[in-house]
Trainee: 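If you scroll down you'll find the structure; I have some questions about it.
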Protein chains: 2
Amino acid sequence: MSGKKGFTYEYARPALTVDCVVFGFGGGELEVLLIERGLDPYVGWWALPGGFVRVGEDLGEAAGRELSEEAGIDAGYLEQLGAFGAPGRDPREHVVSVAYWALVRPGDYRLAAATDAVAARWHGVGELPRLAFDHGAIVGVAVERLRARVRHQPVGFNLLPEKFTLTELQTLYEAILGEGLDKRNFRKRVLALDLLTALPEERREGAHRPAQLFRFDPDKYARLERRGFHFEL
Amino acid sequence: MSGKKGFTYEYARPALTVDCVVFGFGGGELEVLLIERGLDPYVGWWALPGGFVRVGEDLGEAAGRELSEEAGIDAGYLEQLGAFGAPGRDPREHVVSVAYWALVRPGDYRLAAATDAVAARWHGVGELPRLAFDHGAIVGVAVERLRARVRHQPVGFNLLPEKFTLTELQTLYEAILGEGLDKRNFRKRVLALDLLTALPEERREGAHRPAQLFRFDPDKYARLERRGFHFEL
DNA sequence: TGACTTAGTGTCGCTCACACACGAAAAGGG
DNA sequence: CCCTTTTCGTGTGTGAGCGACACTAAGTCA
């Protein structure tokens with residue numbers, strides 16, 4: 001293999017990587033962050049940002065590091081999705097990957113490809129290209145997880161700018177769930193949760209009535225979360 | 001390290017293991033299968049069955065293999081729980097473990113410790129000893145997952161013998177959820193799901209009215225599962 | 001000032017979740 | 001044989017919440 005020192009173990013070991021499924025929301029559609037690979041295998045293919053785990057490094061930290069290195073994104077909150085370890089998923093050798101997922105506000109970052117990525121871009125989940133390795137399957141699992149999660153925890157707010165209108169929020173939910181929602185019922189329920197604070201501002205754009213702006217209130221959420229809680233859309 | 005050949009890699013790699021949280025139901029309590037370790041580290045401590053993943057082996061298969069080797073159990077269905085990879089979780093070196101969980105009918109197996117386990121035994125989840133590594137935390141995550149799952153999918157039947165009474169089923173649910181349930185509502189809902197078949201037998205035991213026996217019907221379940229579905233306890 | 005566009009609001013019917021108590025059947029003992 | 005004990009098995013009423021549904025409000029632009 002390599003002529004240099006190397007690391008020797010008594011038994012063979014699979015390699016260990018992390019991959020990140022980063023969701024964003026733009027143009028009324030749910031998007032995933034992909035990088036274009038600059039190295040073999042799968043040069044030129046789109047793939048999830050990720051890379052090898054270093055010895056002594058926590059898995060979550062490795063995911064955060066790779067995300068920052070390859071795409072210039074600092075996701076505050078990464079949650080583990082699971083381990084993917086089918087023997088043939090990497091053509092080189094047996095590579096086990098621990099996948100993470102995160103939600104970010106696309107506007108907060110300027111994507112910057114680096115390391116072994118030649119490009120980093122948002123792709124609508126509905127129109128993904130063929131992905132390298134088993135990354136297509138990983139994205140599928142992540143989308144499922146997001147859909148399940150969004151119904152029971154107020155995660156959606158992490159995808160919107162700090163100030164948003166209820167219509168924007170509803171559009172987001174519809175994009176994630178892939179189904180239309182009733183406007184009045186949606187507003188009723190969201191406001192009943194008492195997680196939003198109405199701002200003294202409105203969004204005026206276009207030839208129509210301006211919309212009230214809201215802000216997600218983490219304090220209220222923390223308080224509710226403490227005494228059990230239920231969301232249900 | 002070892003004087004023999006060994007396997008050399010350009011970069012250092014964490015070791016990769018699998019661990020299994022196997023749930024059973026006995027004596028009115030939810031139980032977990034533990035083995036007593038016969039090797040360093042943590043000799044003599046109780047731990048989850050598990051071991052190193054071989055190169056070229058699927059993660060789920062590795063979990064099944066270790067479970068069968070160390071405890072003599074063939075769990076039909078193993079589901080992944082997640083990867084645990086904090087750097088200090090194994091005192092020897094950086095070891096990342098992918099945890100799986102399963103439900104079995106304790107009566108179906110005669111526990112047989114082997115390989116590096118000197119004993120295999122069921123332990124009530126309420127009275128677990130101190131566990132090796134971070135296995136205590138892993139069990140905690142598994143219990144949470146089981147609780148969440150049991151409310152939305154009819155997993156409970158995998159823990160009971162083929163024929164069971166509704167009271168037994170209710171006792172199981174109460175043990176898993178850790179709370180009492182109303183008898184009439186429980187029976188109403190369970191029967192309304194139309195997943196059980198009443199058998200032409202009764203269980204006569206003790207000085208009281210005999211109880212109707214039921215069987216879980218996988219066909220009915222498959223049919224329901226196909227057209228969406230909801231359980232909610 | 002009229003046309004257009006999106007924002008914002010309330011009611012009603014129905015279903016479903018939950019609380020709740022007693023007769024039925026069998027066994028065992030006096 | 002009868003009385004006691006124990007668990008099995010069953011129905012109703014009420015209140016809360018979900019879902020369906022249509023019109024007015026406010027602003028812009030021509």
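Everything numeric here is computed off the predicted structure, so don't read it as measured data. In what follows, chains are A, B, ... by sequence order, proteins preceding strands, each numbered from 1.
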Trainee: Quick one about A:Ser68 and A:Asp74 (side-chain donor to acceptor, distance below 3.5 Å, no hydrogens or angles considered), yes or no?
Mentor: no
Trainee: Does B:Glu70 use its side chain to pair, donor to acceptor, with the backbone of B:Leu67 at less than 3.5 Å?
Mentor: no
Trainee: Checking the side chain of A:Arg203 only, and the main-chain atoms of A:Phe164 only, is there a donor and an acceptor separated by less than 3.5 Å?
Mentor: no
Trainee: Check B:Ala120 against B:Ala113 and note the closest heavy-atom contact, atom names and distance.
Mentor: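 Reported closest heavy-atom pair: N-CB, 3.7 Å.
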Trainee: To the nearest Å, how far apart are A:Glu205 CD and C:dA7 C1'?
Mentor: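 In whole Å, C:dA7 C1' lies 12 Å from A:Glu205 CD.
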Trainee: Please name the pair of heavy atoms, one in A:Leu213 and one in A:Lys163, separated by the smallest distance, quoted to 0.1 Å.
Mentor: CD2-C, 4.1 Å
Trainee: Send over the distance from B:Arg151 CZ to C:dA17 P, rounded to a whole Å.
Mentor: 13 Å
Trainee: Just jot down the salt bridge (charged side-chain N to carboxylate O under 4.0 Å, His left out) partners of A:Lys220, sequence neighbours excluded, or say none.
Mentor: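 Scan of A:Lys220 (salt bridge (charged side-chain N to carboxylate O under 4.0 Å, His left out), adjacent residues dropped) gives A:Asp194.
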Trainee: Does any N or O in the side chain of B:Glu66 come within less than 3.5 Å of the main-chain N or O of B:Val18, such that one atom is a donor and the other an acceptor?
Mentor: no
Trainee: What pair of heavy atoms forms the shortest contact from B:Ala132 to B:Tyr42, and how long is it?
Mentor: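 So the two residues come closest at CB-CG, 3.5 Å.
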Trainee: Write down the distance between CZ (A:Arg203) and C1' (D:dA26), rounded to a whole number of angstrom.
Mentor: 17 Å
Trainee: Protein-nucleotides 12-17 of chain D N/O pairs closer than 3.5 Å?
Mentor:
{"from": "D:dT12", "atom 1": "O4", "to": "B:Lys188", "atom 2": "NZ", "distance (Å)": "3.1"}

Trainee: Kindly give the atom pairs (protein nitrogen or oxygen, nucleotide nitrogen or oxygen) under 3.5 Å for nucleotides 8-10 of chain D.
Mentor:
{"from": "D:dC8", "atom 1": "OP1", "to": "B:Thr167", "atom 2": "OG1", "distance (Å)": "3.1"}
{"from": "D:dC8", "atom 1": "OP2", "to": "B:Thr167", "atom 2": "OG1", "distance (Å)": "3.2"}
{"from": "D:dC8", "atom 1": "O3'", "to": "B:Pro210", "atom 2": "O", "distance (Å)": "3.4"}
{"from": "D:dC8", "atom 1": "O2", "to": "B:Arg209", "atom 2": "NH1", "distance (Å)": "3.1"}
{"from": "D:dG9", "atom 1": "OP1", "to": "B:Gln212", "atom 2": "N", "distance (Å)": "2.6"}
{"from": "D:dG9", "atom 1": "OP2", "to": "B:Arg187", "atom 2": "NH2", "distance (Å)": "2.5"}
{"from": "D:dG9", "atom 1": "O5'", "to": "B:Arg187", "atom 2": "NH2", "distance (Å)": "3.2"}
{"from": "D:dG9", "atom 1": "N7", "to": "B:Lys183", "atom 2": "NZ", "distance (Å)": "2.8"}

